[in-house]
K.L.:
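The structure's right below; bear with me while I get my questions together.
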There are 2 protein chains.
Amino acid sequence: MAVINSALEGIIVLDLSRVLAAPYCGMILADLGAEVIKIEVPGKGDDAREYPPFINGESGYFMSLNRNKKSLTLNLKHPRGKEVFKTLVKHADVVLENYRPGTMDKLGLGYGVLKEINPRLIYAAISGFGQSGPYASKPAYDLIIQAMGGVMSLTAHPGGLPTRVGSAIGDIAAGMFGAIGILAALRAREVTGKGQLVDVAMLDCQVALLENAIARYWATGKAPLPTGNRHPSITPFQAFPTKDYYVICAAGNDKLWEKFCQAIGKEELVHDPRFESNRLRTENIAELEPILFEVFRQKTTAEWIEIIETAGIPCGPINTVDKVVNDPQVRAREMVVEIDHPVAGKQLIHGVPVKLSDTPGRVRQPAPVLGQHTREVLQKYGLTAEEINLLAQEGVV
Amino acid sequence: MAVINSALEGIIVLDLSRVLAAPYCGMILADLGAEVIKIEVPGKGDDAREYPPFINGESGYFMSLNRNKKSLTLNLKHPRGKEVFKTLVKHADVVLENYRPGTMDKLGLGYGVLKEINPRLIYAAISGFGQSGPYASKPAYDLIIQAMGGVMSLTAHPGGLPTRVGSAIGDIAAGMFGAIGILAALRAREVTGKGQLVDVAMLDCQVALLENAIARYWATGKAPLPTGNRHPSITPFQAFPTKDYYVICAAGNDKLWEKFCQAIGKEELVHDPRFESNRLRTENIAELEPILFEVFRQKTTAEWIEIIETAGIPCGPINTVDKVVNDPQVRAREMVVEIDHPVAGKQLIHGVPVKLSDTPGRVRQPAPVLGQHTREVLQKYGLTAEEINLLAQEGVV
């Protein structure tokens, strides 16, 4: 038994991925201490390096997904590049990629080839539709995947337009399940001694997010409808517009309803026969809502939180991102941290949501500039300075 | 080295959790082969057993989150119940709970106590705001967490109301990061021989979903605004209303724009000076949208998919849940499967999104009825039939 500082210390990930889904996966592993070596096209790198917003010319999009990783440039189309990659594979625990299915095979670097080099290798492929099935070769974007997977149809106000989730949940969910798959495969390898293929599809992950919506369809034979910002059977349990934005209140029973009416100065509603029980309040929401909306418009969200919370009723603001990053709980939990980037300067970035008591994850270093660790990594895995110079001259790194 | 059928075979999880966030975490582990023993209050069980929809009187909500688990009833407030739990802890790898912080300590079963019994134990606590910070003891619901975490503020049409994500992403994201934390802690234990505390907060996980929104705030000093169903800088890359619902088209460059115009029978738009480049199309979207909306209203989503896809342009339908469960790709990937429940009968349920080639996860068995495995589990861990009868008589199980 040994001491480690991070849960995934000693795990080496060769991360060939671009843009969002698989880079998010690699970030999770890097945050938890894996050595994630991002392998990028020489002179160009991850497409996301060109995505806005820019901070001193560096992509904030890229920086928010690639902290804690190393950058190695390598041309996988060049025969010497393939050789170097195969050398790295001998030492690696995980290869992670999000090309369209078949791309790595065409490069001669598919799982079939790599597992001969290293039978302990875990090969994780994250794609839009997966490595199999009739849509396997279709292109995928977050918007298309959110649409096809059903979540958009549920994300709307009653009668309103389906709405894309404002974070790229089509990509991110696949990144998260990818990390789960890799970690599960690492555990399996502890028992079997062998690696395996982890195949994660963005669309599959959206289906896994539907939870009871499939049961609702099965129970009724009808597609579930969106309920907007209201609980379908508890009232009041919803968003209220305030003087400056919105507040959520959740008065889940008659006792809380009474306290709620007192707190907002509407005692007369407590014994209003239209609103005397939760069932009646839910049935008569069309009459209740305008009364409550008028009240809530009179104060700010912060004022209402103070009032409602003091009355012991679960509540919270709808926070815009500026509010989120300055929230005392978010700061106390180090879920937003500052980091110094050599080019972009001081940067605000989200923290690590998995809090491990003994081997904690952390934001150790900012996203790498392109090729920042090429020499370091190649020397570590046995190439001489002269060999690396030659590769650089030939444009292989 | 040994052979295993499932990646987490042999891992024992004592799952004390209720409703959604942590049960989703337990489900991920159970799907991948862990023995997840759901510990429920005798005579009552998980609150979610009472949540609609009901299928032959069984909760579809509960069934969709608890497949592959065992149910053991145990009263943790009873001294004998505590004893039995401690016996189980000796054999367990993981304890999983989603009580409010401090509840397990009050029961005398906090991590501090349990790790003395089993230093290899991984103790995972999933809560609304985490085990620390000023909000630690506040109550949390998915709606409040989605609101506070910022995702709701980004989920809206331009100028429209913030919108709750139609799946309980506040809960589910915490369940997923909980699984990542547990698997990472299992890996750490392989090295160190020791378990640890995994503290996952729903709010923290929402912050981790914001990806580049924090960078956008940092770059501009302003809270990012929602962009609805459109790409902010590529046009056309959005949802179009059709005769029956919606279709997404993503024509990402001028060549695709030309093909797109031809496919929809609007060749005259290709050289319209208002729309000649992506920049112009994006700038003049207010003029372009009405023209395209009129065209798209003339055919169904399925007809448009056929046309647009044949033209080689990335596209997809917005699917309601009935469409999702019958989608050929979803079925080919076994992301919706049928399972027989002893009471509810044939049931449609989502599949396992993590596809492992050698130790695949699977939906092995339906959600348990309350206490279905009480005797089996207790006998396995050393209690005699007589002891179990006595516990039953005293209402401990």
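Below, chain A is the first sequence line, B the second, and so on; all start at residue 1.
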K.L.:
Which label fits B/Tyr24 and A/Phe177: parallel for a plane angle under 30°, tilted from 30 to 60°, or perpendicular past 60°?
P.N.:
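Judged by the thresholds at 30° and 60°, the geometry between B/Tyr24 and A/Phe177 is tilted.
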K.L.:
Is A/His231 close to B/Leu143 at the side-chain level, that is, under 4.5 Å between some pair of heavy atoms?
P.N.:
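Side-chain contact under 4.5 Å: no.
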K.L.:
Indicate whether any N or O donor in one side chain lies under 3.5 Å from an N or O acceptor in the other, for B/Thr359 and A/Gln196.
P.N.:
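The criterion, which ignores hydrogens and geometry beyond distance, is satisfied for A/Gln196 and B/Thr359.
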K.L.:
With a 4.5 angstrom heavy-atom cut-off, which part of B/Ile182 approaches chain A: side chain, backbone, both or neither?
P.N.:
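Neither the backbone nor the side chain of B/Ile182 comes within 4.5 Å of chain A.
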K.L.:
Looking at A/Gln329 and B/Leu203, what are the two nearest heavy atoms and their distance?
P.N.:
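Looking at all heavy atoms of both residues, the closest pair is CG-CD2, 4.1 Å.
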K.L.:
With no hydrogens and no angle check, just 3.5 Å: does a side-chain donor-acceptor pair link B/Asp327 and A/Tyr135?
P.N.:
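Checked: B/Asp327/A/Tyr135 side chains pair up, N/O donor to acceptor below 3.5 Å.
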K.L.:
Is A/His157 close to B/Thr163 at the side-chain level, that is, under 4.5 Å between some pair of heavy atoms?
P.N.:
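B/Thr163 vs A/His157: side chains touch.
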K.L.:
For B/Arg216 and A/Val321, what are the C-alpha separation, side-chain angles and deciding distance, and is it a side chain to side chain contact (heavy atoms under 4.5 Å, CB included)?
P.N.:
CA-CA 9 Å; B/Arg216 280 185 276 157; A/Val321 173; over 6 Å; no
K.L.:
When you check the side-chain N and O atoms of A/Arg333 and B/Ser132, is any donor under 3.5 Å from an acceptor?
P.N.:
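On atom types as modelled, these side chains qualify, holding a pair under 3.5 Å.
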K.L.:
Between NE2 of B/His350 and CG of A/Leu210, what distance do you get to the nearest 0.5 Å?
P.N.:
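One finds 8.5 Å between NE2 of B/His350 and CG of A/Leu210.
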K.L.:
Can you measure from CG (A/Leu186) to CG (B/Leu183) and round to the nearest 0.5 angstrom?
P.N.:
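A/Leu186 atom CG to B/Leu183 atom CG measures 9.5 Å (nearest 0.5 Å).
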K.L.:
Could you look at A/Tyr246 and say if it's the side chain, the backbone, both or neither that has a heavy atom under 4.5 Å from chain B?
P.N.:
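Only the side chain of A/Tyr246 comes within 4.5 Å of chain B.
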K.L.:
Does the pair A/Arg187/B/Glu190 count as a salt bridge with the N-to-O cut at 4.0 Å?
P.N.:
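Looking at A/Arg187 and B/Glu190, the cut-off is not met.
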K.L.:
Checking heavy atoms, do the side chain of B/Tyr61, its backbone, both or neither come under 4.5 Å from chain A?
P.N.:
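Both parts, backbone and side chain.
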